[in-house]
Peer 1: 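Please see the structure below; I have some questions.
Naming: A, B, ... by sequence-line order, numbering from 1 per chain.
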Amino acid sequence: MAEAIAFYVLAACILGFAVLVVTAKNPVHSVVFLVLDFLCVAALYVTLGAEFVAAIQVLVYAGGIVVLYLFVVMLVNVKRPPEAFRAGGRHAMLGLALAGAVLVEAAAIAVWSRLSPAAPASAAQSLPVSGNTEQVGWLLYTSYLVPFEVASMLLLVAMVGAIVLARKES
Amino acid sequence: MSSPTPQYGPMFDTDELVINMGPQHPSTHGVLRVVLRLDGEKVVDADVVIGYLHRGVEKLSESRSWAQIVLLTDRLDYVSAATSNVGYCETVEKLMAIEVPRRAKYLRVILSELQRIASHLLWLGTHAMDTGAMTVFLYAFRERELILDLFEEYCGARLTYNSMRIGGLPQDLPPSWDRKVLEFCRIMEGKLEEYETLLTGNRIWLERTKGVGVIDGAEALALGLSGPPLRGSGVRRDVRKDEPYAAYDEMEFDVPLGVAGDTFDRYVVRMQEFRQSIRIIRQAMQGIPEGPILGKVPRLIKPPAGEVYHAIESPKGELGFFIVSDGKSMSPYRFRVRPPSFCNLQALPRLVKGHLIADVVALIGSLDVVLGEVDR
Amino acid sequence: MVSAYIPIALFLLVATGFAVFTLVFTGLLHPRKYNKVKLEPYECGIEPTTDARDRYSIRYYLVAMLFVIFDVETVFMFPWAVIFDKLLLFGLIEMLVFIGILVVGYYYAWQKGALEWV
Amino acid sequence: MITPTHYLLLSMALFTIGLAGVMTRRNIIIVFMSIELMLNAVNINLVAYSAQVQNLVGQVFAIFVIAVAAAEAAVGLGILLAFYRNKETVNIDEINLMKW
Amino acid sequence: MADVNVAPPAGPPDPPPPADLPVPAAIAGLQLAMPGAILALSFFVGDWTVVVDRTAILDVARHLRTASGAAFDICSDVTATDWPPRPERFDVIYCLFSTTHGQRLRVKARVADGDPIDSVTSVWPAANWLEREVFDMFGIRFSGHPDLRRILMPDEWQGHPQRKDYPLEGPGELLLENPLDWLKLRQARDEADIE
Amino acid sequence: MVELVLIPLLKIIVVLNATLLGVTYMVLLERKVIAWAQSRLGPMRVGPYGVLQPVADAMKLMLKEDITPARADKWVFTLAPILSMVPALVVYAVIPFGDQVHLFGRQISLYITDINVGLLYVVSVTSVGVYGIILAGYSSNSKWPLLASLRASAQLISYEIAITLTLVSVVLMSGTLSMVGIVTSQASQGVWYAFIQPTAFIIFFIGGLAETNRAPFDLPEAEQELTGGFHTEYSGMRFALFFLAEYANIIVVSSVATTLFLGGWLRPFPNVEFLSFLGVVPGWCWFLLKSFVFLYLFIWVRATLPRYRYDQLMRLGWKVLIPLAIANLILTAIVKVALA
């Protein structure tokens, strides 16, 4: 019961804020809604027991990436009046068609899952540690060690790339 | 004029931002307005806008009697009224060839030096406050209060003293005033150590002042700097030594000089001047002769026709008065003040170029301008 | 486990409620005597001529970008630190590799002046 | 009872909103933000199924997705800024040249 | 307090130096280098003044700045006086000081209303603001000045306040009988703004 | 229901009130201590020795006219102080003020909740607080506040990295992210982490000064440069919320420092037997005492030091503290492997 309430409230918030992100006229407002959206997603992760991912969601997404967005929005603050959202905007037809297709797919899935319920959960993995962070860490630092190091390489490359891009060519 | 501006790392430049600093800004020492063109926080260019406190003292003096103008000079550099009084009175005395008694000359030296300490204390406090050291501000004001008490006892006023008369001084020293002055000198010497503990040895203070607003001696001279900012650049120029007035020719004192010409050197110069002032006060108190305090002055002050320029060393720099008398009317025909703050402030755009906003504040502080004198 | 978060949700509600309540409550109390000058933005006594939403230095982007990258990398270290007792030498080596990569980026940023403010 | 299907539908709806944003907005920064929404939709799926099947690999992947999103934001916004400095626009319709 | 009965003076007395007084080396050097430029010499209460030709002021300034016998490296002050009855009504006055010789000198040039005078900012950058002030207060134009704007008065100000024919109370547009009337007027204007 | 909702709710209300009271009296304490350092008296008028001054201040702020500048972004302008204050308060949810106590026949823990990722929770919630600052500057539509808010946010995120790195080295010692767990591990290891992680402790303290925009890192509100900081355009209650957030953050930093480095509610020398008489004093008193020492340090530093310049501040953060923190982390790991 409580789980359902939490889910529906959070889902409503997530979708509502997402719509506001996409429709807000002022980019700064979009960023604000994006933060709130991400915080709701983090709360959803908590209800799913993924504490560590939730913490990262807040720390990296809400506290880091969106700050970057906000700075960039303020850096390129266009002096022209903010772009109005028009229904007849670019690729509106294509966008709506695609969105419609996805919705049809979603409906299909919903119907399908009614017809054949998901398979019962498989047994939990046995890890030598308890606690969400510890378990995630254990997977990250044993089975997924190579992707982990590759991810750090990716971050390095991203940093170098961003610095090169930010430099003024003279 | 193309002395090197500080060089900072590789460029990540973007567009410039124009921002107003002042006239209502907590650290432009009154109503100074600086229009800054910024790149990020770096100052690309600065335009100094003044005149917000322009009261027309020069024009006003042309319709005031010679004696009344002493009052107006109080309002020039209102934190250092006594030195302005001395400067004006000496100029008129020079014009009228009035001989001032030696005792009055000594008293002028004592009052000028006390005033210099008071003015420098105000500078120290506000300069430290500008860089965020608020305790020094209150300490400096605590000691300044002692000087104001001394002045109050001498002439009844605490800020605009009207403490000089053409030909001498209005009254002799109150009883036991000399003892209090010497006592103050003793206290002040101890307090100087305290300030230096808080600032001179402080890493943050050094980082904030060393290498900021560097100007070499030749350029400082060319830009018309005078007083401590000029001496901070290593130029040995002090009106008290070069063109002695009052009883300064009988005093023994050193002219402290800076080396690098940065904010820190200007700070050091003024800190040394505190000590020199105390030294002068002690000498003057010791050698003060007995005698009258007012020379032979006609009842009606009406100088002969002619022009005169006379300068003194105010705490801010060379304070000059250029006075024209037509020999007929009861007021000066032309009254002109050469304000040291005005001329020092002129160097601000050159000093701040390439520095950060925080340095602008520190540099205004290190020039020690008083807007009452800049705008007159 | 999830129940440990209920107090946090409650606290969130109470804190937000407190903020909104005080704003609404004092909104009823305070006087409203507006005039044009009062509503002007502060610009040291000069009427603002240009819009404040001007463009600011790109260094802010650089700082935020470096922050995001470093933030992600430090976040990766938390699970490592928690299970370090079990990993020990293995953990040390893999983290040295990881930090090594981080330090290379850091060194590059330093060399290119991205860490300089001016 | 909340089943993975609920999460799937939520994530799909979020993905659709993001997609709509990418397709219709002109401001490239908002397009980027819409992409972040889509990435989040994916993450919701990963985490939800990870909880459902009691296997934490989904969460590990969500973490990788976040790391990649950080890298994407850094570089993407860097490109945007570099472009902006030359063209003074963030309108996606005007960003149609490979050279500038 | 100005004595209204007295006719305005036609100019400064500029008393010539006594014949037995030796002329300082700096002035003698100037006389030697530019004999045509010097119009008069004056000595009063210990101050030496050279009156020079308006058109030669920049050359004189350069000479005084660079010549080894003069080396006036400090330009303490640039100011002016207004003598309305005189055809060249303004005196522009430069107060100089030499740190090498410890010597003062005043240089004066006479300028008629509307005539420009060369700016000495190229010789003494310190003259920049001082000349701006003279322009602001007297309306004397300095040709070659890098940035000749008003400095103390607002940019849109009419007239030049230090001229003798400029009334002490200002040009008069805000002058009402009673200061309170003026305050009321201003308040009314502010309120109109708010509406 | 009682265990899950009612008791936490009561605790929340107690903590909230204690925080508000703490903030108001922290302001008074600050004014008094700085006044004494500067040979002044500080507030003396309202109540004996000015003890009612905070009440008067609060009343004034509540009754003061609340101005929204004409060109401001109105909604964001109101949202910013809320976004700034809520994270500052919500952090208190995981701070352990003490151990368990018996009250009304129940076993009550002196913390609102203890979660597995407590430390990460603290870091992430405080990182959200930066939005309040940026949005305040943006929505004011005024140049000085915008400049100040950009400065403030860049400063916050720069020092956050150094602080987070020191936290990793604490987690290396404790092996848990739970705040309660970190205190108990200090008890079981018999030492406060300040003694075995002095570098981390110092970096945390400096970073804490910078994170809370305190002197000598108070550049975002350096009134001498930026006239008032990001909240220049704010007045009345919305300003009060920023003010509250700022001081609440200072108390948070002190509390976190106490928990992580000074053994939280533990008495001094938790493992030395003959000092056990110190245990008479309840744990939460120790906690308050230690936090108070921190708060006093904050004030003392403010009264003494001049302010850094912005580039110097960023240099200190990026070029000194971060390398130091990384070196400290690696050293800690190596020593741990060597000892194992």
Side-chain angles (χ1 to χ4, degrees), chain A residues 3-4 7 11 14-15 18-19 21-22 27 30 34 38 41 44-45 48-50 53 56-57 60-61 64-65 68-69 72-73 75-76 78 83 89-92 94-95 98-99 102-103 106 109-110 113 118 121-125 135-136 139-140 144 147 151 154-155 158-159 161-162 165-166, chain D residues 1-6 8-10 12-21 23-27 29-30 32-34 36-37 40 43-44 47-48 50-57 59-60 62-64 66-71 73-75 77-82 84 89-93:
Chain A
E3 193 200 354
F7 174 78
I14 290 170
L15 295 180
V19 169
V21 169
V22 174
S30 281
L34 193 65
F38 286 169
V41 172
L44 192 73
Y45 292 162
L48 285 167
V53 181
I56 289 194
Q57 170 85 7
V60 175
Y61 248 128
I65 296 177
L68 186 58
Y69 273 104
V72 172
V73 167
L75 272 175
V76 299
V78 196
E83 161 230 19
R90 48 176 280 275
H91 309 310
L94 181 57
L98 268 175
V102 174
L103 275 181
I109 291 168
S113 63
S122 58
Q125 271 181 311
Q135 289 169 337
V136 171
L139 280 180
L140 205 55
Y144 292 89
L154 172 73
L155 290 169
M159 186 194 316
L165 285 166
Chain D
M1 178 59 196
I2 303 300
T3 61
T5 317
H6 287 83
L8 194 60
L9 286 174
L10 168 66
M12 199 156 266
L14 189 58
F15 192 87
T16 314
I17 294 168
L19 185 64
M23 299 307 282
T24 53
R25 291 309 300 257
R26 284 159 197 278
N27 188 327
I29 303 176
I30 296 184
F32 276 8
M33 287 194 262
S34 304
E36 300 289 355
L37 284 180
N40 261 272
N43 272 357
I44 290 177
V47 174
S50 144
Q52 169 68 18
V53 302
Q54 294 293 302
N55 186 331
L56 291 171
V57 176
Q59 294 184 21
V60 172
I63 293 167
F64 282 132
I66 292 176
V68 172
V75 176
L77 294 173
I79 293 173
L80 171 70
L81 278 181
Y84 179 72
T89 178
V90 286
N91 187 332
I92 202 164
D93 290 340

Peer 1: Heavy-atom cut-off 4.5 Å, strictly under: side chain, backbone, both or neither for D:A62 against chain A?
Peer 2: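 For D:A62, the side chain is the part near chain A, not the backbone.
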Peer 1: Quick one: which of A:L140, A:L68, A:V60 has the most heavy-atom pairs under 4.5 Å with chain D, could you say?
Peer 2: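 Option with the top pair count is A:L68.
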Peer 1: Measure across A:P27 and D:M33 and return the closest heavy-atom pair with its distance rounded to 0.1 Å.
Peer 2: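 Of all heavy-atom pairs spanning A:P27 and D:M33, the closest is O-CE, 4.0 Å.
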Peer 1: Where do A:A158 and D:A71 come nearest, in terms of heavy atoms and distance?
Peer 2: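 Answer, listing the atom of A:A158 first, then D:A71: CB-CB, 3.6 Å.
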Peer 1: If you compare all heavy atoms of D:V47 against all heavy atoms of A:A50, which two are closest, and at what distance to 0.1 Å?
Peer 2: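 Of all heavy-atom pairs spanning D:V47 and A:A50, the closest is CG1-CB, 3.6 Å.
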Peer 1: At a 4.5 Å cut-off on heavy atoms, which part of D:L10 comes close to chain A: side chain, backbone, both, or neither?
Peer 2: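 Both parts, backbone and side chain.
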Peer 1: Measure distances from A:I65 to the heavy atoms of chain D and classify the residue's part below 4.5 Å as side chain, backbone, both or neither.
Peer 2: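 For A:I65, the contact with chain D is made by the side chain alone.
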Peer 1: Which bit of D:L8 comes within less than 4.5 Å of chain A, counting heavy atoms only: side chain, backbone, both or neither?
Peer 2: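 For D:L8, side-chain heavy atoms alone lie under 4.5 Å from chain A.
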Peer 1: Search all heavy atoms of A:L155 against all heavy atoms of D:A67 and return the closest pair with its distance.
Peer 2: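 The answer is CD2-O, 3.8 Å.
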Peer 1: Under 4.5 Å from any heavy atom of chain D, what part of A:V19 do you find: side chain, backbone, both or neither?
Peer 2: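 Backbone plus side chain of A:V19, per the 4.5 Å heavy-atom cut-off to chain D.
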Peer 1: Do you know which two heavy atoms are closest between A:L48 and D:A51, and how far apart they sit?
Peer 2: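 Smallest heavy-atom distance, with atoms named: O-CB, 3.6 Å.
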Peer 1: State which residues pass side-chain contact (heavy atoms from CB on, under 4.5 Å) with A:A151; sequence neighbours excluded, sorted by chain then number.
Peer 2: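 D:F64.
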Peer 1: Please determine, among D:V75, D:I66, D:L19, the option with the most heavy-atom pairs under 4.5 Å with chain A.
Peer 2: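 Looking at each option in turn, the highest pair count goes to D:I66.
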Peer 1: Does any backbone or side-chain atom of A:L44 lie under 4.5 Å from a heavy atom of chain D? Answer side chain, backbone, both or neither.
Peer 2: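 When you check distances to chain D, only side chain atoms of A:L44 fall under 4.5 Å.
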Peer 1: Below 4.5 Å from any heavy atom of chain D, which atoms of A:F7 appear? Answer side chain, backbone, both or neither.
Peer 2: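 The side chain, not the backbone.
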Peer 1: In Å and rounded to the nearest 0.5 Å, what is the CG to OH distance from D:L77 to A:Y69?
Peer 2: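 Spacing of CG (D:L77) from OH (A:Y69) equals 5.0 Å.
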Peer 1: Name the region of D:I44, side chain, backbone, both or neither, that has any atom closer than 4.5 Å to a heavy atom of chain A.
Peer 2: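 Its backbone and side chain both get close to chain A.
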Peer 1: Pick from D:L37, D:N40, D:I30: which one makes a side-chain contact (heavy atoms from CB on, under 4.5 Å) with A:L34?
Peer 2: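 Only one option passes, and that is D:L37.
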Peer 1: With a 4.5 angstrom heavy-atom cut-off, could you sort out which part of A:V21 is near chain D: side chain, backbone, both or neither?
Peer 2: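 When you check distances to chain D, atoms from both the backbone and side chain of A:V21 fall under 4.5 Å.
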Peer 1: Please classify the contact between D:I63 and chain A as side chain, backbone, both or neither, with a heavy-atom cut-off of under 4.5 Å.
Peer 2: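 For D:I63, side-chain heavy atoms alone lie under 4.5 Å from chain A.
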Peer 1: With sequence neighbours left out, what residues match A:F38 under ring-ring contact (aromatic ring centres under 6.0 Å, His included)?
Peer 2: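 Only A:Y61 meet the ring-ring contact (aromatic ring centres under 6.0 Å, His included) criterion with A:F38.
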Peer 1: In sequence, state the C-alpha distance, the side-chain angles, and the governing distance for A:V72 and D:L80, and then conclude on side chain to side chain contact (heavy atoms under 4.5 Å, CB included).
Peer 2: CA-CA 9 Å; A:V72 172; D:L80 171 70; 3.8 Å; yes
